[in-house]
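For the numbers below, each heavy atom of this structure counts, side chains included, while hydrogens, waters and symmetry mates do not.
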Amino acid sequence: MAEALEILKSQSLTSVLQHEIEELVLSGSYRSGQRLNEKALAERFNVSRGPVREACRALAKMGLLELIPNRGVLVRQVSQREAEDLYDVRATLFGLAARLTAARVTPQQMALLDDQLERMEAAAETRSLDKYYPLNLKFHESILEFSGNLRLVDEYFRLIKELHLFRARGLLHGGGLSVSNSEHRKIADTLRKGDPLAAFEAAFEHVQNGKHRMLLAPLEAGEKPEATKKGVTRSNPEPA
């Protein structure tokens, strides 16, 4: 019994550390390719290095970290080609979420989406990415949640976490926040009409447009250009 309790405590601690380290990575506290010091993390969280190591292994399985022999634990570097592939898969998943939502959305859920659209419109008018971006994420999250498919939600957000390793402000390019929100309105209109096929197409197109905006975004300071298969260079993107 005592041994079982110790295992449970260890597993719980590892889960807590995994969440905390994940937050550090996704918030940008560690840049892509940067090494994580297990000893420093253990001291930061006042734990032994064992649970930290286990948490890092779990995050490596999620695709956020890399365990490299003789180098240690590094934040995973997502290449442009990988990011493009992730966008393509994400477009399909988000399209599916919209299709499922169109068949079951309630008036209350549509009211919530409409409120998010109005708040994004206000942020777009002032070109405030800091205000727009959280609302943008919430709009996407709402459609995922309304789809009622938990496995779809899990897979979608796993992709989003990987895309967070490939940072940028693509939302400010290719027409800006207003264009992004006009695409949101198009998705909402298809949901309101209860048209699953049109909802899939609108949501799929929105994410693909986000990928194109990412490819057109200027390079960040100190970042080297990377040619795509179409000869376009990019900066690191945030999800559209």
Side-chain angles (χ1 to χ4, degrees), residues 2-93 137 151-170 207 210-211 214-215 217 219-239:
E3 183 179 351
L5 287 174
E6 285 302 315
I7 293 174
L8 180 59
K9 279 201 259 183
S10 175
Q11 290 176 337
S12 299
L13 177 58
T14 299
S15 298
V16 171
L17 290 172
Q18 179 180 331
H19 174 75
E20 292 298 326
I21 296 171
E22 178 182 320
E23 287 296 308
L24 288 174
V25 171
L26 296 180
S27 69
S29 297
Y30 293 97
R31 64 182 182 277
S32 293
Q34 183 174 349
R35 180 175 176 271
L36 275 65
N37 188 306
E38 288 184 359
K39 182 174 182 294
L41 287 171
E43 292 175 352
R44 174 177 184 147
F45 296 115
N46 193 30
V47 297
S48 64
R49 294 177 65 175
V52 171
R53 187 174 298 113
E54 289 302 314
C56 288
R57 285 175 180 165
L59 291 172
K61 290 180 180 179
M62 289 174 56
L64 297 182
L65 301 179
E66 291 182 290
L67 308 180
I68 302 179
N70 302 320
R71 293 188 62 191
V73 182
L74 282 73
V75 177
R76 181 182 164 209
Q77 291 182 294
V78 176
S79 71
Q80 177 173 312
R81 179 56 187 272
E82 287 176 307
E84 289 185 63
D85 289 345
L86 287 169
Y87 260 97
D88 289 340
V89 176
R90 179 183 168 228
T92 302
L93 292 178
L137 289 181
R151 182 60 183 267
L152 171 59
V153 173
D154 288 343
E155 290 299 318
Y156 182 88
F157 285 109
R158 183 183 62 78
L159 291 176
I160 290 298
K161 287 177 181 179
E162 290 188 65
L163 278 170
H164 269 293
L165 299 178
F166 194 82
R167 305 176 190 283
R169 289 293 183 262
V207 177
K211 180 176 76 170
M214 170 269 289
L215 292 172
L219 295 172
E220 295 179 342
E223 186 180 17
K224 296 181 180 180
E226 179 183 347
T228 71
K229 54 190 173 185
K230 296 180 181 178
V232 182
T233 58
R234 58 79 178 156
S235 173
N236 296 334
E238 297 267 357

**OP:** Could you grab the distance from atom CZ of Phe157 to atom CG of Leu93, nearest 0.5 Å is fine?
**Re:** 11.0 Å
Original post:
What is the distance from atom CD of Glu84 to atom NZ of Lys211, rounded to the nearest 0.5 Å?
Top reply: 5.5 Å
**OP:** Grab the two heavy atoms, one from Val75 and one from Leu65, that are nearest each other, plus how far apart they are.
**Re:** CA-CD2, 3.9 Å
**OP:** Using the side-chain contact (heavy atoms from CB on, under 4.5 Å) rule, take Phe45 and Ile21 through it: C-alpha gap first, then chi angles, then the decisive distance, then the call.
**Re:** CA-CA 10 Å; Phe45 296 115; Ile21 296 171; 4.2 Å; yes
Subject >> Presence of salt bridge, Asp154 and Arg158, under 4.0 angstrom >> reply: no
Original post:
Between Lys161 and Val25, is any pair of side-chain heavy atoms under 4.5 Å apart?
Top reply: no
Subject >> Lys/Arg-Asp/Glu bridge criterion (N-O < 4.0 Å) met for Arg44, Glu20 >> reply: no
Subject >> Derivation of the side-chain contact (heavy atoms from CB on, under 4.5 Å) call for Glu162 and Glu82 >> reply: CA-CA 10 Å; Glu162 290 188 65; Glu82 287 176 307; over 6 Å; no
Side-chain donor-acceptor pairs under 3.5 Å in residues 49-60, sequence neighbours left out?
| residue | atom | partner | partner atom | Å |
| --- | --- | --- | --- | --- |
| Arg53 | NE | Glu38 | OE1 | 3.3 |
| Arg53 | NH2 | Glu38 | OE1 | 3.3 |
| Glu54 | OE2 | Arg57 | NH1 | 2.6 |

**OP:** Indicate yes or no: at least one non-hydrogen side-chain atom of Leu36 is less than 4.5 angstrom from one of Leu24.
**Re:** no
Original post:
Listed by chain and number, what are the side-chain contact (heavy atoms from CB on, under 4.5 Å) partners of Gln77, not counting sequence neighbours?
Top reply: Ser32
**OP:** Please report the closest heavy-atom contact between Gly72 and Leu74, naming both atoms and the distance.
**Re:** O-CD1, 3.6 Å
Subject >> Contacts of type side-chain contact (heavy atoms from CB on, under 4.5 Å), residue Glu66, not counting sequence neighbours >> reply: Ile68, Arg76
